Each structure stands twice: as C-alpha cells, then as structure tokens.
Amino acid sequence: MTDARILILDFGAQYTQLIARRVREARVYSEIHPPTRSLDWIRNWNPSGIILSGGPHSVYGDQVPTADRALFDIAPVLGICYGMQLIAHLEGGKVIGADRREYGRGEITVQTPDGLFSGFSAGEQMTAWMSHGDHVDEPPEGYVVTATSPGNPISAFQHKTRPIYGVQFHPEVAHTPRGAELIANFLFQICHVTPSWTPGAFVEQQITAIRTRVGNARVICGLSGGVDSSVAAALVHRAIRDQLTCIFVDTGLLRMHEREQVERTFRQHLGITLITVDAGERFLSALAGVDDPEQKRKIIGHTFIDVFEDTAVSVANDVKFLVQGTLYPDVIESASPTGGPSVTIKTHHNVGGLKSDMKFALIEPLRELFKDEVRNVGRELALPEEMVGRHPFPGPGLAIRILGDVTPAKLEVLRRADAIYLEEIREAGLYNDIWQAFAVLLPVRSVGVMGDGRTYENVLALRAVTSADGMTADWFPFPHDILAKISSRIINEVDGVNRVVYDISSKPPATIEWE
C-alpha cells in the first residue's frame with residue numbers, strides 16, 4: 001500500500017464505488033469504509049484525505065448515519081451530496097428539503113475559482129450530475145459559497161481557512177464531464193498527495209507481504225482459468241516460486257476448450273506447477289436437482305474446498321494457505337460497506353460461500369483491486385494479453401448460466417452455443433469493445449418450425465455489456481446483422497435451441513449475470 005491514501009466513508013450512495021474508482025484512476029490509493037469507524041480507527045488509518053459519500057438519507061432523520069465533528073481535524077475533507085449536507089449540519093448550517101428536487105444534468109456556475117475549482121474561471125459554467133432532494137439553505141459560519149445553480153444557490157462551498165469542501169452534485173460520475181478535475185484538485189492541490197498507486201508499486205508491495213506471511217509454508221491456488229485467479233497465481237508465484245502449486249479443477253462446468261487453454265498457459269508459459277483434477281461427476285452429483293442460484297454457488301464453493309483439501313494431501317503436508325482471486329467489487333457486493341444502507345447482491349463463491357471450518361488460511365492478493373487494475377497488474381507480470389484481456393468468467397462457471405437445475409445435456413447445449421457466440425464476436429472484431437459476453441440457457445421452451453416440422457425447444461438468451469469495472473454496466477449495441485448471424489448459427493448448429501433473445505437490461509437495475 002502506498003503512503004498516500006484516501007478514506008471514503010460510505011453513507012449508502014449508489015455511486016460510492018465510483019468515487020473510489022476515480023481516486024484510483026488518479027493513481028492514489030483509496031478504500032471504502034462505513035461511517036461507524038471510530039475516530040481512533042480513522043486516526044490510526046492515517047488518511048491523506050477523507051471523502052464523505054452521498055446517501056439516501058436526510059440529516060434530520062432518525063437513526064441516520066452521521067460523523068463526529070472532530071473528523072474535520074484529522075485530514076482534508078470533501079463532502080459529496082449527503083456528505084456536503086452532513087458537513088453543513090455538523091458545522092451549524094441549515095439543510096432543508098427542496099421544493100423541487102434536482103435529478104439529472106444541471107448547469108452550475110463557478111463563483112470562487114480556487115480550491116476544488118482551481119483552473120476554472122469566475123462565472124464559468126459547467127455541467128454536473130444532480131441527485132438530491134435536500135440541500136444546504138444556509139452555509140455554516142466561516143464557509144463561502146463557491147458554486148451555484150438555478151435550482152440550488154449553494155451548489156458548493158468551502159471553509160475560509162480550513163480544508164473542508166462540499167459539493168451538492170456528483171463529480172465522480174461520467175455525466176459530470178469535468179468532475180475528474182475537481183477530484184484531482186482535492187487530491188493534489190488540497191491533500192497534496194503524490195500519485196504513486198501504480199501496478200509496479202502494487203506488485204512489489206504484495207510480493208513483500210506474501211513472503212512475510214507465508215514464510216516456508218506450502219501454498220495452493222485454485223485456478224478457474226479466468227483473469228482474477230490467473231493474475232493472483234502469477235503474483236504469488238513471483239513471490240514464492242516453487243512453494244506454490246496450482247490446482248485446476250475441471251468442474252464439468254467450464255466453457256469449451258477451457259481446460260486445454262489453462263494447462264497450456266500455466267505449464268508452458270509460466271512454468272507453474274499445476275495439478276489438474278477431473279471432478280465433473282462430483283460437482284454434477286452435488287448439484288443434482290438444485291435450482292436455487294444461491295444454493296448452487298454455496299454447493300460449488302464448498303465442493304471446491306473439498307477438492308482442494310483432498311488434493312492438497314498429494315502436494316505436501318505443510319500446505320497452510322489457499323490463494324483466491326477475490327476482487328474489491330466482490331468484497332463490496334458481498335458485504336455491506338456501510339454497515340446497513342447497502343445490501344448483499346449475491347454470494348460469490350470466493351467470498352461468501354466458503355465453509356467456516358476450512359483448514360486453509362486465505363491469501364487474497366487482489367482484494368484491493370478493481371478489474372481493470374487486475375488486468376494492469378497481469379500485464380506488469382508479463383502475462384499473455386489473451387489471458388489478461390479475457391472477459392470475466394464466474395467461479396461457479398456455466399452452472400449459474402443455466403437457470404434451473406444443471407444437467408449434462410443442458411451444459412452441452414449452453415457450452416456449444418456460448419462458443420459460437422464468442423467466436424462470432426471475435427470474428428467481428430468486437431471482443432475488446434465488450435466487458436463481458438455470454439449465453440444463458442433459460443428454463444423456457446418455445447414453439448418453433450424447423451424444416452417442415454413443429455419443434456418445442458429451449459430459449460437461449462445472449463448477454464453483452466460495456467463497463468469500466470462491473471459495478472455498473474450498459475448493454476452492448478450490436479449491429480443487427482451480427483446478432484442475426486449469431487442467432488442463425490446457434491439455432492442451426494446447436495440441437496435443442498429454436499429461439500434466441502438478446503438482453504438489453506443495464507446494471508442497475510439488473511445484474512450482469514442472470515443468477
């Protein structure tokens with residue numbers, strides 16, 4: 001971890017993760033924590049700056065998240081939306097409910113071109129994303145208004161002498177075009193941090209931490225073939241070399257040719273000791289008749305650990321650690337960072353589904369990173385681009401892309417359809433324009449006509465999204481001729497499918513995966 005770091009206190013905003021992303025993009029380390037952190041904890045964490053996120057609450061409500069005024073004496077503070085209102089409330093200003101709520105794009109006018117608005121001109125207008133009901137009606141004593149808007153005369157303020165700032169809009173979202181400049185001003189002009197959060201620095205720090213923790217013990221890593229576990233394995237191997245043994249479990253839930261690709265890359269390219277376990281029958285037996293997605297994830301996670309424990313005996317008697325490719329979004333989505341306002345979206349098998357009596361201690365070297373940061377670390381470790389640039393693939397594999405119970409016949413249908421889908425995306429030169437693309441086998445059958453006969457076969461859904469980190473996503477606008485070709489090939493080449501549909505849902509409200 002770098003010396004410069006920004007603490008983000010999450011008051012329940014839907015955009016909190018984007019704040020962390022924007023800070024990281026400026027090459028400054030940041031972490032999200034609940035507002036219940038004590039002042040002593042915050043002082044010991046030693047932040048270079050503190051950002052108070054937005055949130056759905058009113059500062060005058062009952063049992064709403066709050067903060068201690070002493071927080072403002074620890075480090076420079078930036079309040080965003082609810083965070084600004086909280087600053088005003090704690091400092092003696094007046095916050096009221098608006099007669100007209102502001103949502104969406106708005107125009108603000110800069111009044112004071114310094115501090116957050118360094119580099120702007122007095123009277124300059126900028127587009128900003130609004131999402132609030134309450135607003136600051138009277139700034140606290142000692143504060144000056146630095147920006148206004150037609151619907152909100154106090155769109156930003158700052159203290160005259162102390163490094164405390166607030167904005168009533170969201171600089172972290174793409175809909176505020178110059179928002180990154182405001183965040184950069186807070187980081188570099190106000191907090192005076194150095195942009196030292198780089199892939200190279202992260203690799204060196206993790207190598208030292210892994211060596212210190214592991215000592216002479218043996219370590220195993222469960223490979224899925226995806227980006228996360230591959231980068232985690234390469235990083236740990238860089239640190240401890242032959243003390244690491246990777247275990248690739250063929251769950252029977254993999255995509256076409258997945259096993260061959262993993263074995264070739266890790267044995268030939270990286271020179272990592274790799275054991276392949278053919279456990280397809282074991283997983284399918286455990287999943288038989290199970291259609292609840294959370295139950296599927298837990299069964300698969302537990303079975304993974306069972307396989308690891310059984311296989312570890314053949315590695316060495318002193319295996320003490322298990323490497324996992326847990327990422328920061330996994331942690332955020334699997335546990336409420338606010339201690340209340342956020343909710344668990346789903347159980348990730350590598351975070352929430354592990355057995356409580358697991359005998360291995362976890363090494364999760366990537367749990368501080370977002371997906372694009374993981375890819376950059378992979379490049380720093382000289383992993384091949386075909387691995388680093390792969391679309392995300394969930395640990396539970398195709399099991400959560402089959403809605404309903406999992407059977408060998410359904411897996412074969414989905415595996416073949418998914419291979420055709422990805423092949424056509426690559427052929428069209430679109431693979432790198434898409435964050436994630438995959439097929440989903442629905443528990444629906446429809447009537448069709450093939451040749452001269454009536455059919456009653458499966459419906460297959462296609463999903464493709466664009467995203468920066470998987471926290472939010474938009475559906476990918478395929479050219480119609482490419483969708484038509486994909487649909488035609490799947491229906492003609494995959495027995496059991498007579499209808500193909502395309503998912504045009506964004507995240508939120510939908511998730512990227514269907515289960």
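Here the structure is a predicted model, which is why all the values come from computation and not from measurement. In what follows, residues are counted from 1 in the order of the sequence shown.
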In plain terms, say whether Arg379 and Glu385 are close enough for a salt bridge, that is, a side-chain N and a carboxylate O under 4.0 Å apart. yes
Just wondering, more than 12 heavy atoms not from Glu260 lying within 6.0 Å of its CD? yes
For a quick test of reading the model, state the closest non-hydrogen atom pair linking Tyr431 to Gly389 and the distance between them. CE2-O, 3.7 Å
Salt-bridge test for Arg390 and Glu258: reply yes if a basic N is under 4.0 Å from a carboxylate O, no otherwise. yes
For the residue pair Gln261 / Glu386, report whether a side-chain donor-acceptor contact shorter than 3.5 Å exists. no
Check whether the side chains of Ser506 and Asp474 place a donor and an acceptor atom closer than 3.5 Å, and report yes or no. no
Apply side-chain contact (heavy atoms from CB on, under 4.5 Å) to residues Tyr502 and Leu483 and explain how you reach the verdict. CA-CA 8 Å; Tyr502 186 55; Leu483 275 180; 4.1 Å; yes
Taking the six-membered ring of Trp435 as reference, does the NZ or CZ atom of Arg375 fall below 6.0 Å from its centre and within a 45° cone about the axis? yes
Is the positively charged end of Arg213 above the ring of Phe321, judged by distance under 6.0 angstrom from the centroid and angle within 45° of the axis? no
Are the aromatic rings of Tyr29 and Phe202 close, with centres under 6.0 Å apart? no
In Å and rounded to the nearest 0.5 Å, what is the CD1 to CG distance from Ile425 to Asp433? 10.5 Å
Look up atom CD in Glu172 and atom CG in Leu18, then write down how far apart they are to the nearest 0.5 Å. 6.5 Å
Could you tell me whether the side chain of Lys320 reaches within less than 4.5 Å of the side chain of Val219, counting heavy atoms only? no
Give a yes/no verdict on a cation-pi contact between Arg255 and Phe393, requiring under 6.0 Å between NZ or CZ and the six-membered ring centre and an angle within 45° of the axis. yes
Begin from the C-alpha positions of Thr251 and Ile300 and carry the test side-chain contact (heavy atoms from CB on, under 4.5 Å) through to its verdict. CA-CA 9 Å; Thr251 63; Ile300 293 167; 5.7 Å; no
State yes or no: are the ring centers of His391 and Phe438 separated by less than 6.0 Å? no
Under a plain distance cut-off of 3.5 Å, with no hydrogens placed, do Thr276 and Glu263 share a side-chain donor-acceptor pair? yes
So, Ser505 versus Asp503: side-chain donor-acceptor pair below 3.5 Å or not? yes
If you apply the rule side-chain contact (heavy atoms from CB on, under 4.5 Å), what do you find for Arg463 with Gln436, and how did you get there? CA-CA 8 Å; Arg463 180 78 158 139; Gln436 190 171 1; over 6 Å; no
May I ask you to decide whether Asp405 forms a salt bridge with Lys410, counting only side-chain N to carboxylate O separations under 4.0 Å? yes
Tell me, yes or no, whether the heavy-atom count around Glu493 atom CD, taken from other residues, nucleotides or ligands under 6.0 Å, exceeds 12. yes
Side chains of Ser446 and Asn498, donor plus acceptor under 3.5 Å: yes
Less than 6.0 angstrom from the centroid, inside 45 degrees of the normal: does Arg37 satisfy that with respect to the ring of Trp45? no
Minimum side-chain heavy-atom gap Ile80-Ser53 below 4.5 Å: no
Could you walk me through whether Arg5 and Glu31 pass the salt bridge (charged side-chain N to carboxylate O under 4.0 Å, His left out) test, one step at a time? CA-CA 8 Å; Arg5 48 185 179 173; Glu31 278 187 20; 5.5 Å; no
Could you tell me whether the side chains of Arg282 and Thr303 share a donor-acceptor contact shorter than 3.5 Å? no
